[in-house]
Each structure stands twice: as C-alpha cells, then as structure tokens.
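Just so you know, ligand 1 is whichever comes first in the structure, and atom 1 is the first atom listed for that ligand.
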Amino acid sequence: MSPDVVINCAAKTAVDACETDREGAFAVNATGVRFLVGAARSARVIHLSSDYVFDGSKTEPYLEDDPVAPLSVYGASKAAGEKELRSEVDLLVRSSWVMSASAGNIASVIRTLFARDAPLSFVIDQVGTPTLADDLASRVVALMEADASGTIHVANSGETSWWGLARRFGAALGCDPERVLAIDSTQAAGKYPAPRPRYSALGSKVLDRWGLEPLRSWEDAVEAIVSEWNQG
Ligand SMILES: NC(=O)c1ccc[n+]([C@@H]2O[C@H](COP(=O)([O-])OP(=O)(O)OC[C@H]3O[C@@H](n4cnc5c(N)ncnc54)[C@H](OP(=O)(O)O)[C@@H]3O)[C@@H](O)[C@H]2O)c1
C-alpha cells in the first residue's frame with residue numbers, strides 16, 4: 001500500500017482524563033504522530049489539531065501564526081504533535097468544538113438535556129467556534145484536492161460560549177432557551193478539571209491561498225444538525 005495522502009483523526013481526546021494521564025496523552029497525540037509521519041514516507045499527512053493549543057488570552061480569533069501556549073495536558077500533547085509534521089509537505093488543520101447530528105458529541109448532549117425536564121447549566125466564560133463535522137470534513141477534502149500544506153484553521157464562522165450554543169440549540173429545537181442557566185468555569189471545575197481557554201475562536205488568514213471562502217456560520221450549522229434530526 002502506498003497512499004498519496006494520510007488523514008490522521010486519531011487522538012486521545014478525553015481532555016479531562018489527559019490531566020491524570022500525561023504519558024498516555026503524549027504517547028498518542030505526539031509520539032503517535034511522529035510514528036505516523038515516519039510511516040507515511042512520501043505520502044502527505046493531513047493532521048487534525050485543536051483550538052486548545054492556545055491559552056485564550058486573545059480577544060479576537062486566533063490565526064494560524066499565533067503562538068501556541070496550551071493550558072491543559074491535552075492541549076500540550078496536541079501542540080507537541082503539531083511539531084512532528086513536515087511543514088513544507090504536510091497539512092495541519094486546527095478545528096474547534098466539533099459537533100454533528102450523530103450521538104456522542106455536544107449536540108446530542110444538549111438535545112438529551114432539553115428532552116428531560118431538568119435545568120441545564122453551561123459555562124458562559126469560555127468562548128469559541130462550534131464547528132459542524134460535515135463542514136470540517138468537506139473542507140479537509142477540498143484542501144487535500146488543492147494539495148495544501150502548512151497550517152490552516154477550519155471552523156464555522158462566528159463565536160459563542162457553551163451557554164450560547166446550548167441556547168441556540170434550544171431555540172432550534174422549539175424549546176425554551178431561557179432554561180439554560182449560565183455558570184462560570186469555576187463552578188464547573190469539579191466536573192471538568194482540565195483548564196480550558198477562556199477564548200479560542202479560530203479565524204484564518206490563509207483561506208485565499210487555497211481558493212476557499214469562510215465556512216457558514218455556527219448558527220447555520222446548528223440549524224443543519226436540528227434539520228437532520230427532524231428528518232429522522
Ligand atoms: N471533537 C472536537 O471538538 C475537536 C476539536 C478540535 C480538534 N479535534 C481533533 O480532531 C481529531 C478527531 O477528534 P474526535 O473528536 O473525532 O475524537 P474521538 O471521537 O475521540 O476519536 C478519536 C479516534 O482516535 C482513535 N484512537 C485513539 N487512540 C488511538 C490509538 N492509540 N491508536 C489508534 N487510534 C486511536 C479512537 O479509536 P477508538 O474509538 O477505537 O478508541 C477514535 O476513533 C483529533 O485529532 C482531535 O484532537 C477535535
């Protein structure tokens with residue numbers, strides 16, 4: 001087998017569990033990438049990374065050449081993995097807050113909570129860019145077809161907090177968004193021990209280079225998910 005392109009979506013992604021398994025996080029997210037790049041030989045590697053490589057000190061979207069300064073073990077392991085790529089050949093795709101109509105991600109969690117007659121609490125002091133997995137996948141394919149290399153941020157347009165995202169899903173589901181209570185990160189720290197950036201929206205300054213337009217808004221991505229649910 002001699003592929004032209006290897007797309008690496010494998011990672012240890014349990015952000016909070018990584019805090020107590022630094023070795024495991026770095027083995028998969030950093031050393032694993034080194035092995036993969038070595039095994040890829042002449043194949044181009046397209047590797048997925050995360051907004052959690054940033055520390056959240058910015059107040060406007062992070063661009064591709066902003067310095068990484070991870071707060072968490074997960075973020076540090078992903079930042080270490082990024083360094084294993086061959087910048088002139090491979091493509092580093094950073095994305096954020098990935099969601100889809102499938103089970104097992106933030107969208108289905110919010111949907112389930114709205115379906116229950118219980119209060120919902122989401123943090124208001126972490127702001128980022130929710131991104132539809134389908135949009136991310138389409139863009140990765142477009143970048144592969146363009147033979148893109150270097151670093152690019154791929155996220156839906158705009159920004160919101162987890163609280164804002166939950167409210168938007170509530171409205172799209174025909175539920176009362178006022179049910180979503182705003183809490184801050186310190187109130188959620190017991191459940192989510194890993195430090196997360198207060199601000200990690202992603203922007204891109206290299207879209208033009210690859211002939212790409214910005215992705216649709218995160219609000220439209222929420223509508224797309226709910227529409228898929230409604231179609232059964
Ligand atoms: N989800 C997000 O919000 C988000 C945001 C930004 C970036 N990303 C990045 O996007 C990529 C995909 O994330 P995801 O959310 O799809 O993660 P995910 O649902 O946790 O999937 C990760 C995959 O990696 C596999 N994997 C883990 N350890 C492995 C190992 N040692 N060897 C081989 N495969 C292994 C897992 O296989 P098993 O299921 O068999 O364990 C799983 O299929 C990751 O690089 C992540 O850092 C995700």
Indicate the atoms forming the closest heavy-atom contact of H153 with G203, along with that distance.
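Nearest heavy atoms, H153 then G203: ND1-O, 2.9 Å.
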Looking only at non-hydrogen atoms, find the nearest pair between F114 and V180 and report the distance.
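Nearest heavy atoms, F114 then V180: CZ-CG2, 3.5 Å.
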Answer yes or no: is there a side-chain heavy-atom contact under 4.5 Å between L212 and L143?
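Contact flag for L212/L143 side chains = yes.
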Where do D135 and R216 land on the side-chain contact (heavy atoms from CB on, under 4.5 Å) test, with the steps shown first?
CA-CA 8 Å; D135 290 352; R216 61 180 150 178; 2.9 Å; yes
Contact residues of ligand 1 with a heavy-atom cut-off of under 4.0 Å?
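Under the 4.0 Å cut-off, ligand 1 touches C9, A10, A11, T13, V28, L48, S49, S50, Y74, K78, S95, S96, W97, V98.
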Using the six-membered ring wherever Trp is involved, compare the ring planes of F54 and Y62 and label them parallel, tilted or perpendicular (cut-offs 30° and 60°).
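If you compare the ring of F54 with that of Y62, the planes turn out parallel.
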If a pair satisfies side chain to side chain donor-acceptor pair (under 3.5 Å) and one of its residues is in residues 190-204, list it, with sequence neighbours excluded.
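Non-adjacent pairs meeting side chain to side chain donor-acceptor pair (under 3.5 Å): D16-R196, D51-S200, E64-S204, E159-Y199.
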